[in-house]
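Take a look at the structure below.
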Amino acid sequence: MHGIRRPDAPDNPVPTDIPVKLPSHARFSTVCLHAGQTPDPATGAIITPIYQTSTYVQDALGQHKGFEYGRTQNPTRSAVEANLAAIEGGQAGFAFASGMAAIGAIASMLKSGDHVVVSDNTYGGTFRLFDKVLSRYALTFSYVDTSDVNAVAAALTPQTRLLFVETPTNPLMKLTDLKAVAEVAHAQQVRLVVDNTFASPYIQQPIAFGADLVVHSTTKYLNGHSDSVGGIVVATREDDIEWLKFVQNAAGAILSPFDSWLVLRGTKTLPIRMMQHNANGLALAQFLAAHPKVRRVHYPGLPDHPQHALATRQMRGFGGMLAFELGSLEQARTLLNGVRLHALAESLGGVESLISHPASMTHASVPADTRARLGITDGLVRISVGIEDIEDLKEDLAQALDRV
Ligand SMILES: *Cc1c(COP(=O)(O)O)cnc(C)c1O
């Protein structure tokens, strides 16, 4: 597979406040590697250093180099913010201590009385933040099936400020047509926010489809190596950028210099990792779909996925996330306890394959009746397919399925 252009290239090169010498037509892999990073001005070090400092010495009273205090500015963090803004085709990025802190920063754009429309099958932590914390501040949330554009349009009210969408959803891999919901939202002056964690910007770039804000847990594909927790918000509108810059400093949930450096290292290999996640994801989905013990596989790359056509239009490859139905908790337990190479763990998007049980792990905080309505059954198993040799992954699942 070859690199794609950033959606705004070539007429609108990397935003001017980003100190890179990239050609204006730089393609996706080149942007991932280089955007936001120049050789260190002090030494020429090719890799942006970890500026592990809390403060900066000033030349004279009122004279400094643009850096005053570590919460407010840090060069390693600025580099990863510029890098991710360019990768998503946005104007500015803001890095936070976790994906949840990034979502919290977006939520700080709301005022009491405001209303938010949210994908009904949203990440469990996002649901918990909205339902258990933010609902105490006179904010209201409607959870709708955003794969149904008419349901989205019907849920918008004059108080709606944000439409918060995840596509594909976790763990059932339902898709939302981003272009269609962007049009519906913008017709009502509602901002479209897309949590792009599950896909990664290699697979889909929501801003190109009309999203106003993109948020990621960098913990997942962007860092990619299961060794850092973080979040990023990429913004496109000047007023949002001003507010996010202000609130990042005011509330202070910043990404550390070391974690910023890890994410910068991660995005250099994002394209080649995602190619392998795509290839392994599809191969494993096909293997499971053909297995007699597996009742159903949820993966947008399979022709029987109800939104396969949309996936082909909106995504570049179908990613490394899949879920499948075994029929009962007992069968799921046998499989989960029988795998050797797949690690039984929450989280996703790392180079190693992880297997999990959504009903009791990632979605345990979702009420049982909601889980049942969404189709998150006790027999459902989720895999974050890593980049190991595909034959080893298939063999591991085959031997575990034999016990089921
Ligand atoms: C993990 C995740 C989050 C939360 O990110 P943290 O880094 O764990 O705080 C948000 N959205 C999605 C889709 C996620 O997978």
Side-chain angles (χ1 to χ4, degrees), residues 3 6 9 13-98 101-102 201-202 216 218-219 221-235 241 244-245 248-249 252-273 350-351:
R6 291 169 38 247
V14 175
T16 48
D17 58 341
I18 297 177
V20 290
K21 288 194 205 119
L22 276 176
S24 60
H25 62 276
R27 294 161 177 86
F28 188 79
S29 301
T30 310
V31 171
C32 287
L33 257 168
H34 293 291
Q37 295 158 89
T38 45
D40 180 46
T43 63
I46 189 162
I47 296 301
T48 303
I50 304 166
Y51 282 92
Q52 190 71 27
T53 189
S54 62
T55 191
Y56 306 88
V57 179
Q58 309 201 355
D59 297 331
L61 191 61
Q63 274 178 44
H64 56 73
K65 300 181 168 67
F67 297 93
E68 296 148 286
Y69 181 60
R71 168 163 33 80
T72 320
Q73 306 105 351
N74 179 279
T76 321
R77 195 176 81 224
S78 302
V80 78
E81 289 173 338
N83 179 252
L84 289 172
I87 288 173
E88 280 290 8
Q91 293 303 310
F94 301 93
F96 294 91
S98 67
Y202 174 87
H216 280 273
T218 61
T219 315
Y221 286 109
L222 293 176
N223 180 62
H225 293 74
S226 311
D227 53 12
S228 158
V229 172
I232 187 87
V233 179
V234 175
I241 291 169
L244 288 164
K245 192 180 286 178
Q248 185 187 40
N249 182 51
I254 48 159
L255 190 64
S256 77
F258 182 53
D259 288 293
S260 298
W261 183 87
L262 283 171
V263 177
L264 272 176
R265 156 170 276 211
T267 57
K268 288 183 198 299
T269 57
L270 179 71
I272 57 169
R273 282 188 286 112
V351 286

Worksheet item: For Val31 and Ala26, which heavy atoms make the closest approach, and how far apart are they?
Response: CG2-O, 3.8 Å

Fill in: Where Pro75 and Thr48 come nearest, the two heavy atoms and their spacing
O-CG2, 4.4 Å

Discussion item. Per the salt bridge (charged side-chain N to carboxylate O under 4.0 Å, His left out) rule, what does the pair list look like for residues 45-54, sequence neighbours excluded?
Written reply: none

Worksheet entry | Side chain Ser98, main chain Ala101, donor-acceptor under 3.5 Å | yes

Item to complete: With side-chain contact (heavy atoms from CB on, under 4.5 Å) as the test, would you mind laying out the steps for Ile254 and Gln248 before giving the verdict?
Response: CA-CA 7 Å; Ile254 48 159; Gln248 185 187 40; 3.9 Å; yes

Worksheet entry | side-chain contact (heavy atoms from CB on, under 4.5 Å) evaluation trace for Ile232 with Val234 | CA-CA 6 Å; Ile232 187 87; Val234 175; 4.2 Å; yes

Worksheet item: Quick one: CD on Glu68 to CG on Asn249, what's the gap to the nearest 0.5 Å?
Response: 9.0 Å

Discussion item. Show me the pairs that pass salt bridge (charged side-chain N to carboxylate O under 4.0 Å, His left out) and involve residues 47-64, at least two apart or across chains.
Written reply: Asp59-Lys65

Worksheet item: To the nearest 0.5 Å, what is the distance between CD1 (Ile87) and OH (Tyr202)?
Response: 13.5 Å

Worksheet item: Who passes side chain to side chain donor-acceptor pair (under 3.5 Å) against Ser256, sequence neighbours left out?
Response: Asp259

Worksheet item: Arg273 and Thr267: which non-hydrogen atoms are nearest, and at how many Å?
Response: NH2-N, 4.3 Å

Item to complete: Can you sort out the partners of Ser260 under side chain to side chain donor-acceptor pair (under 3.5 Å), two or more places apart, ordered by chain and number?
Response: none

Item to complete: Provide the closest heavy-atom pair for Gly231 versus Thr218 in the form atom of the first, atom of the second, distance.
Response: N-OG1, 3.4 Å

Worksheet entry | Any donor-acceptor N/O pair, His64 side chain to Gly66 backbone, under 3.5 Å | yes

Fill in: side-chain contact (heavy atoms from CB on, under 4.5 Å) partners of Ala45, counting only residues at least two apart
Asp40, Thr43

Worksheet item: Taking atom CG of Leu84 and atom NE2 of His216, what is their separation to the nearest 0.5 Å?
Response: 7.5 Å

Item to complete: Apply side chain to side chain donor-acceptor pair (under 3.5 Å) to Gln58 and list each qualifying residue two or more places apart in sequence or on a separate chain.
Response: none

Practice prompt. Can you see which heavy atom on Thr53 is nearest to which on Thr55, and at what distance?
Written response: OG1-O, 2.9 Å

Worksheet entry | N/O donor-acceptor pair under 3.5 Å between Thr219 side chain and Gly230 backbone | yes

Worksheet item: Is the CZ atom of Arg71 crowded by more than 12 outside heavy atoms at less than 6.0 Å?
Response: yes

Worksheet item: For Lys245, which residues count as a salt bridge (charged side-chain N to carboxylate O under 4.0 Å, His left out) partner, sequence neighbours excluded?
Response: none

Worksheet item: How long is the span from the CG atom in Leu262 to the CG atom in Leu255, to the nearest 0.5 Å?
Response: 9.0 Å

Item to complete: Begin from the C-alpha positions of Lys268 and Gln37 and carry the test side-chain contact (heavy atoms from CB on, under 4.5 Å) through to its verdict.
Response: CA-CA 11 Å; Lys268 288 183 198 299; Gln37 295 158 89; 2.8 Å; yes

Worksheet item: To the nearest 0.5 Å, how far apart are CZ in Arg265 and OG in Ser228?
Response: 12.5 Å

Practice prompt. Mind checking salt bridge (charged side-chain N to carboxylate O under 4.0 Å, His left out) for Arg77 and listing every partner two or more places apart, or none if nothing turns up?
Written response: Glu81

Practice prompt. Would you confirm whether Asn83, through its side chain, and Ala35, through its main-chain N or O, come within 3.5 Å as a donor-acceptor pair?
Written response: yes

Fill in: Under the side-chain contact (heavy atoms from CB on, under 4.5 Å) test, residues paired with Ile272 that sit two or more places apart
Thr269

Worksheet item: What pairs of residues pass the ring pair (Phe, Tyr, Trp, His ring centres under 6.0 Å) test when at least one of them lies in residues 66-96, not counting sequence neighbours?
Response: Tyr56-Phe67

Discussion item. Among residues at least two apart in sequence or on other chains, which ones pass ring-ring contact (aromatic ring centres under 6.0 Å, His included) with Tyr51?
Written reply: none

Fill in: side-chain contact (heavy atoms from CB on, under 4.5 Å) involving Ser78 - partner list, sequence neighbours excluded
none

Fill in: Student check: side-chain heavy atoms of Pro257 and Trp261 closer than 4.5 Å
no

Worksheet item: Which heavy atom of Gly44 sits nearest a heavy atom of Pro39, and at what distance?
Response: O-CB, 3.8 Å

Worksheet item: CD1/Ile47 to OG1/Thr76 distance, rounded to the nearest 0.5 angstrom?
Response: 11.5 Å

